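These notes concern the structure reproduced below.
Predicted model, so just to flag it, every value in this text is computed and none were measured. Heavy atoms only: backbone and side chains are in, while hydrogens, waters and symmetry mates are out. The chains referred to below are lettered A, B, ... by the order of the sequence lines, with proteins before strands, and numbering in each begins at 1.
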Amino acid sequence: MTNLELAWALAEMGDLLELKGEEPFKVRAYHRAARSLENLEEEAADLYARGALEEIPGVGKNLAKKLAELLTTGRSTFLDNLRREVPPGLREMLAIPGLGSRTVRQIHQGLGITTLAELEQAARERRIRTLPGLGSKTELAILRGLEMLREVQDRVPLGVARPLALLLRAQLLALPGVVRAEIAGSVRRGKEMVGDIDLVAAVEPDNQVAAVLVRHPQVKEVLAREPDRLALQTNLGLKIEVIMVPPEDFPATLFYATGSKAHRRALLRLAAERGLGAADLGLVTPRWLAEEEDVLAGGTTEAPGKGGGSHGEAAAAFATSGATAKEDTPGVAGGAPGTGVPPAHAGAPLTHAGTGTNAREEHAGVREPVEAAFYQRLGLPYIVPELREDRGELAAARRGELPHLVTLADIRGDLHMHSRYSDGVETIAAMAAAARARGYQYMAITDHSRSLTVARGLSLEQLKAQREEIARLNEELEGITILAGIEVDILADGRLDYEDEVLKEFDLVIASIHSGFRQEREQIMARLEAALRNPYVDILGHPTGRMLGRRQPYAVDVKRVIELAAETGTILEINASPERLDLNDTSARLAKEYGVPIAIDTDAHDPHRLADMEYGVLTARRGWLEPWDVVNTWELERLLAGLKRNRRGA
DNA sequence: GCCGTTTTCGGCCCGACTGTTTTCAGTCG
């Protein structure tokens, strides 16, 4: 079992124990251990092999035993028993904001409800409010929560799907008869949430793909097994589709499977306007021809062979650190993160600034954009997957105005990270070492401010101590500059958590909302406006507060925030954590149109999470951002000179 | 259930907000 699968099993145990009414500290122990496993560098299976499971933080005798059972048998009698005791629907209810274990238990016991469907019906029939302590607001929260769950149904964050996609691609390439394999679909396009992992493999007739993959340890169920197509369901509930084609069909199939569907169809319409057909472009596979037929018929039905929407896709180049829209530069040969699987192509060197030793930082990618020829036959430059959403990319290509997209290699620093001073897990020195190992020239330590007590926000005394430590480290360390920053809370009443006299002492200030999420729009906007107008607030952190699949944004008017940022000279953040990606791609693009500079920050609480930068860069690319739009691609001097605090009176 | 150069037992992040209430329990970050 993989670390992620083990982590999910522990988290499920924790949830089920909580629903049973176990004491909170025991429940928390399961969740803490789950988190440890998610962030573990080494495979738990290896730790088990040398009897070292208890070295995992938060794992003692008891949990080590449960992990050992999972690792050796793939099952857990403890978890199986829990699942028998607690209806699975109750666990799903925990995902509804506002519902905790006590309320779920009360609803279960009071109304006999065990599924989300029953819960919805009860809320609509106003039966929830018949329970003591619950009222109409809870019913509303339930209905809203269910709506949010429906939106993300069967989809997972890119941060979960992409690592598995990279692993699968590497494993495919190791199989006999596989000439080439690439990630396609929404994973390749870098969408924030994905429904399935699409892979395209160029294979010889005697390949072993199906035979091996149906027995893959992470595969729970085979959904379809056809000569040229395999559909699988993983243990974690993700769907995987592998399309197998002869090598000569690989480019067109990859192109098709990457989507988006809207982009494909717009491309075919453009070709038709010019009197060209799919065949003229070299797109002669059955999928393309069927789609062309449908487009020409003016139809909106699905092309055969695939399911609906933009997820009928498959395959390849992930070009974050390589190819851009204007230059067909090579991408990077990709290894699978954290798996020790070697890169598939030995050729292209890592282009990431300086380093590349960490497998987590490597990127899958094709060495040349295999689809370039198709665009070329239409007289167009190559369009990277991140732009293929039918959001004006074809028109821009025709005008020769495709953006020169920012790449991971352009990033010179990370301006949002936490240390042990607040809720981070590492020292400033360790975070600095990790940032330097990534080739960064600068970084900012931005711990939480004093009101965020859960995150051990810093008192004025601690701020002083921290600043002294940073000054000392800057003396000692070569090759990286640490900025003394803060992530200051925008308090519920609109004040900032420190006075201006304190804020002006920092090198850089991020202001963020961590409380009062349910306030009315007017109040939220008043708080944001006050923060944006503060002369010492340089960056607005995670501007909408959303957590993908978990929490809706607070009542924010994003366009107004962008206008205010433009007016006040405040930088807006793309928080690169795959749980957030906030701003999202379309908002980032709007910010660019307003001339608002963007900082792509990881908000890392742990050195490993500095690698989340790639997700932020992907989101920025989907937002058409170019290096000059992103302040942490700038040289440090220029960055500092550009901060609002330093421009005042200048 | 985990953890310990103070502890092998008794702590474990804790204060604010929300919804439901007339004094507070539950949820959240």
| note | 5'-most contact on DNA chain B (nearest-nucleotide basis), A:A455 vs A:E139, goes to A:A455
| note | Rounded to whole Å, NE2 of A:H31 lies from P of B:dG29 at a distance of 14 Å
| query | Could you state the CD-C1' distance from A:E18 to B:dG1, rounded to the nearest angstrom? | reply | 14 Å
| So does A:S515 get a side-chain nitrogen or oxygen closer than 4.0 Å to the phosphate oxygens (OP1/OP2) of B:dC17? | no
| field | A:K20 bridged to A:E85 by N-O distance under 4.0 Å | value | yes
| message | On DNA chain B, does the nearest nucleotide to A:G133 precede the nearest nucleotide to A:L94 from the 5' side, or the other way round? Give the residue. | response | A:G133
| said: Measuring only the P atom in each nucleotide, how far is B:dC9 from B:dC14? A whole number of Å is fine. | reply: 24 Å
| query | Rounding to the closest angstrom, what is the interatomic distance between B:dG29 and B:dC13 at atom C1'? | reply | 11 Å
| How would you label the contact of A:V59 with the nucleic acid (heavy atoms, under 4.0 Å): base, sugar-phosphate, or nothing? | sugar-phosphate
| field | Of the listed nucleotides B:dC2, B:dC17, B:dG29, the one nearest the side chain of A:R551 | value | B:dG29
| message | Can you check the distance between B:dC2 and B:dT6, where both ends of the measurement are the P atom (answer in whole Å)? | response | 23 Å
| Which nucleotide in B:dG1, B:dC12, B:dG19 has an atom nearest any side-chain atom of A:R28 | B:dC12
| query | Which listed nucleotide (B:dC2, B:dG29, B:dC17) is nearest to the side chain of A:F517? | reply | B:dG29
| task | Verify whether one side chain among A:D489 and A:H448 offers a donor that lies under 3.5 Å from an acceptor in the other. | result | no
| Which whole number of Å gives the distance between the P atom of B:dG15 and that of B:dT20? | 25 Å
| A:E139 with A:R126: basic N within carboxylate O range, under 4.0 Å | no
| request: Give a yes or no on whether a salt bridge exists between A:D582 and A:R546, defined as a side-chain N under 4.0 angstrom from a carboxylate O. | output: no
| task | Could you tell me whether the phosphate oxygens of B:dC12, OP1 or OP2, come under 4.0 Å of any side-chain nitrogen or oxygen in A:K26? | result | no
| For the pair made of CG in A:L79 and P in B:dG1, what is the distance, rounded to whole Å? | 14 Å
| Interatomic distance at P, B:dT5 relative to B:dG1, whole Å | 23 Å
| Any idea which of B:dC2, B:dT20, B:dG26 is nearest the A:R102 side chain? | B:dG26
| Would you say A:L79 and A:E12 make side-chain contact, with heavy atoms under 4.5 Å? | yes
| said: Just to be sure I understand the rule, does A:K65 reach a base, reach only the sugar-phosphate, or reach nothing, if contact means heavy atoms closer than 4.0 Å? | reply: nothing
| request: Whole angstrom is fine here: how far is it from CG in A:L67 over to C1' in B:dG1? | output: 12 Å
| Span that lies between the P atom of B:dT27 and that of B:dT21, in whole angstrom | 15 Å
| message | What contact category does A:E23 fall into here, base, sugar-phosphate, or nothing, at under 4.0 angstrom with non-hydrogen atoms? | response | base
| message | Could you tell me how far B:dA16 sits from B:dT8 if I compare only their C1' atoms? Round to whole Å. | response | 36 Å
| query | Hey, does A:L452 reach any base, or is it just sugar-phosphate, or nothing, if we go heavy atoms under 4.0 Å? | reply | nothing
| said: In whole Å, I'd like the distance from the CD1 atom of A:I96 to the P atom of B:dG26. | reply: 18 Å
| message | Counting the atoms with a prime plus P, OP1 and OP2 as sugar-phosphate, which does A:A141 contact under 4.0 Å by heavy atoms, base, sugar-phosphate, or nothing? | response | nothing
| task | Respond yes when some side-chain nitrogen or oxygen of A:R550 is under 4.0 Å from OP1 or OP2 of B:dC28, and no when none is. | result | no
| task | Could you please name the option among B:dC13, B:dG29, B:dT27 that lies closest to any side-chain atom of A:T103? | result | B:dT27
| request: Give one of base, sugar-phosphate or nothing for A:P97, where a contact means two heavy atoms less than 4.0 Å apart. | output: sugar-phosphate
| What is the distance, rounded to the nearest whole Å, between atom CD of A:Q523 and atom P of B:dC17? | 10 Å
| B:dG26 - base-pair partner by Watson-Crick or wobble geometry, distances under 3.5 Å | B:dC17
| remark: Which of B:dG1, B:dG29, B:dC12 is nearest the side chain of A:L63? It is B:dG1
| Ionic contact status for A:E125 with A:R127, cut-off 4.0 Å | yes
| task | Please check the phosphate of B:dG15 (OP1 and OP2 only) for any side-chain N or O of A:S451 closer than 4.0 Å. | result | no
| request: State, without any angle test, whether A:E192 and A:N584 hold a side-chain donor-acceptor pair at a distance under 3.5 Å. | output: no
| said: Between P on B:dT20 and CZ on A:R129, what's the gap in Å once rounded to a whole number? | reply: 9 Å
| request: Among A:L643, A:V631, A:T570, A:L415, find the residue that satisfies the side-chain contact (heavy atoms from CB on, under 4.5 Å) test when tested with A:I539. | output: A:L415
| query | OP1 or OP2 of B:dC14 sitting under 4.0 Å from any side-chain N/O of A:R456? | reply | no
| said: Rounded to whole Å, please give me the gap between CG in A:L19 and C1' in B:dG26. | reply: 14 Å
